[in-house]
Amino acid sequence: MLRRLALTAIVPLAVLATAVPAATASGAASSGPVPSVAPTSGPFAAARPALGPLPMPLPLPGFLDDGAGTGAGEADEARTRLTVSVENTGVPGADGTFELECGPTGGTHPEGQAACDRLAEAGATRAGRQELFRETPEGTMCTMIHGGDAFARIVGTWEGRAVDTTASRRDGCEIARWNSLVPVLPDVR
């Protein structure tokens, strides 16, 4: 669907860019009147400046090649670098500060590949990109279930966007948020 949307936007722009002749450039080489895209008679004939040639759209390789090659998706994944600090989980080996890099997978995160896969899965949907690191809005009604004293802070960049968020298990909303971040965060259920 994104490919169709990209093509729908690019093709009309390309047609418009080629429809405006190069004669719109002013100077000694131009001869004759400059064509105008504005009506010259009728109620819409108000004085409007002539439009110059439209710029050619840039190719969108991430949309047009179905993700093959070195498209925008791979460039975004390469820009994922997070520092995950976890404490008070009660799970042996889960507490500590871990580095996570995706594209290629690297760092000290104990479940690096699974965490990168989870981030890629969330990044594939618009809702996932908007919600993954978003904190619970103030005033949200949440169940008063205490899920433990686990606390985490995630700082860095994900798909080129800055991330600085915390997660805990203090109530039902935060438990659900923590669970949505597993395996970036340890599974403490």
Side-chain angles (χ1 to χ4, degrees), residues 1-7 9 58-189:
M1 182 168 157
L2 290 176
R3 181 179 183 193
R4 184 177 300 152
L5 178 63
L7 289 174
L58 296 174
L60 302 172
F63 294 117
L64 300 179
D65 64 2
D66 292 330
T70 57
E74 290 180 17
D76 287 344
E77 186 178 5
R79 295 184 290 167
T80 297
R81 178 175 286 170
L82 298 172
T83 301
V84 181
S85 301
V86 183
E87 57 188 44
N88 299 327
T89 61
V91 177
D95 291 352
T97 299
F98 309 101
E99 299 293 325
L100 175 64
E101 295 179 25
C102 299
T105 303
T108 59
H109 195 284
E111 296 184 52
Q113 186 58 53
C116 288
D117 291 346
R118 172 65 184 113
L119 293 173
E121 175 188 331
T125 65
R126 181 176 180 195
R129 287 189 303 271
Q130 292 175 344
E131 300 294 329
L132 186 63
F133 292 108
R134 181 179 291 172
E135 294 189 12
T136 305
E138 193 68 35
T140 302
M141 295 189 67
C142 302
T143 59
M144 297 306 298
I145 299 171
H146 183 71
D149 294 326
F151 180 82
R153 182 165 186 205
I154 304 171
V155 179
T157 56
W158 176 56
E159 293 187 344
R161 290 181 286 245
V163 173
D164 187 357
T165 190
T166 59
S168 69
R169 299 181 63 81
R170 71 175 178 255
D171 59 34
C173 295
E174 286 296 306
I175 292 171
R177 189 164 167 261
W178 182 289
N179 291 342
S180 75
L181 287 166
V182 170
V184 177
L185 297 177
D187 191 355
V188 295
R189 293 180 241 192

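As a basis for the values below, the full set of heavy atoms in this structure was taken, side chains included, without hydrogen atoms, waters or symmetry mates. Quick caveat: nothing in here was measured; it's all calculated off a predicted structure.
Applying the salt bridge (Lys or Arg N to Asp or Glu O under 4.0 Å) rule to Glu131 yields the partners Arg134; only residues at least two apart in sequence or on another chain are considered. Residues passing the side-chain hydrogen bond (donor to acceptor under 3.5 Å, both in side chains) test with Gln113 are Thr105, Asp117, sequence neighbours excluded. With sequence neighbours left out, Glu111 forms a salt bridge (Lys or Arg N to Asp or Glu O under 4.0 Å) with no residue at all. Partners of Asp95 by side-chain hydrogen bond (donor to acceptor under 3.5 Å, both in side chains), not counting sequence neighbours, listed by chain and number: Thr89. In this structure Asn179 satisfies the side chain to side chain contact (heavy atoms under 4.5 Å, CB included) test together with Arg169, Ile175, Arg189, sequence neighbours excluded. Taking Phe151 as the reference, nothing meets the ring-ring contact (aromatic ring centres under 6.0 Å, His included) condition, with sequence neighbours excluded. With sequence neighbours left out, Thr136 forms a side-chain hydrogen bond (donor to acceptor under 3.5 Å, both in side chains) with Glu174. Not a single salt bridge (Lys or Arg N to Asp or Glu O under 4.0 Å) links Glu99 to another residue, sequence neighbours left out. Considering only residues two or more places apart in sequence or on other chains, Thr157 meets the side chain to side chain contact (heavy atoms under 4.5 Å, CB included) condition with Arg81. With sequence neighbours excluded, no residue satisfies salt bridge (Lys or Arg N to Asp or Glu O under 4.0 Å) with Arg170.
Residues Asp164 and Glu135 share a closest heavy-atom pair of O-OE2, 4.4 Å. Minimum heavy-atom separation, Ala115 to Pro183: N-CG, 3.7 Å. Val91 approaches Asp187 most closely through the heavy-atom pair CG2-O, 4.3 Å.
For residues 115-141, every residue pair satisfying the ring-ring contact (aromatic ring centres under 6.0 Å, His included) rule, not counting sequence neighbours, is listed here: Phe133-Trp158. Residue pairs meeting the disulfide (SG to SG under 2.5 Å) criterion with at least one member in residues 125-167, sequence neighbours excluded, are Cys142-Cys173.
In this structure a side-chain-to-backbone donor-acceptor pair under 3.5 Å is present from Thr80 to Glu159.
Taken from NE2 in His146 to OG in Ser168, the straight-line distance is 9.0 Å, to the nearest 0.5 Å.
For the side chain to side chain contact (heavy atoms under 4.5 Å, CB included) with Leu181, the qualifying choice from Val84, Ile154, Leu119 is Ile154, the only one to do so.
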Worksheet item: Going through the checks in order, is the side chain to side chain contact (heavy atoms under 4.5 Å, CB included) test met by Leu132 and Val184?
Response: CA-CA 11 Å; Leu132 186 63; Val184 177; over 6 Å; no

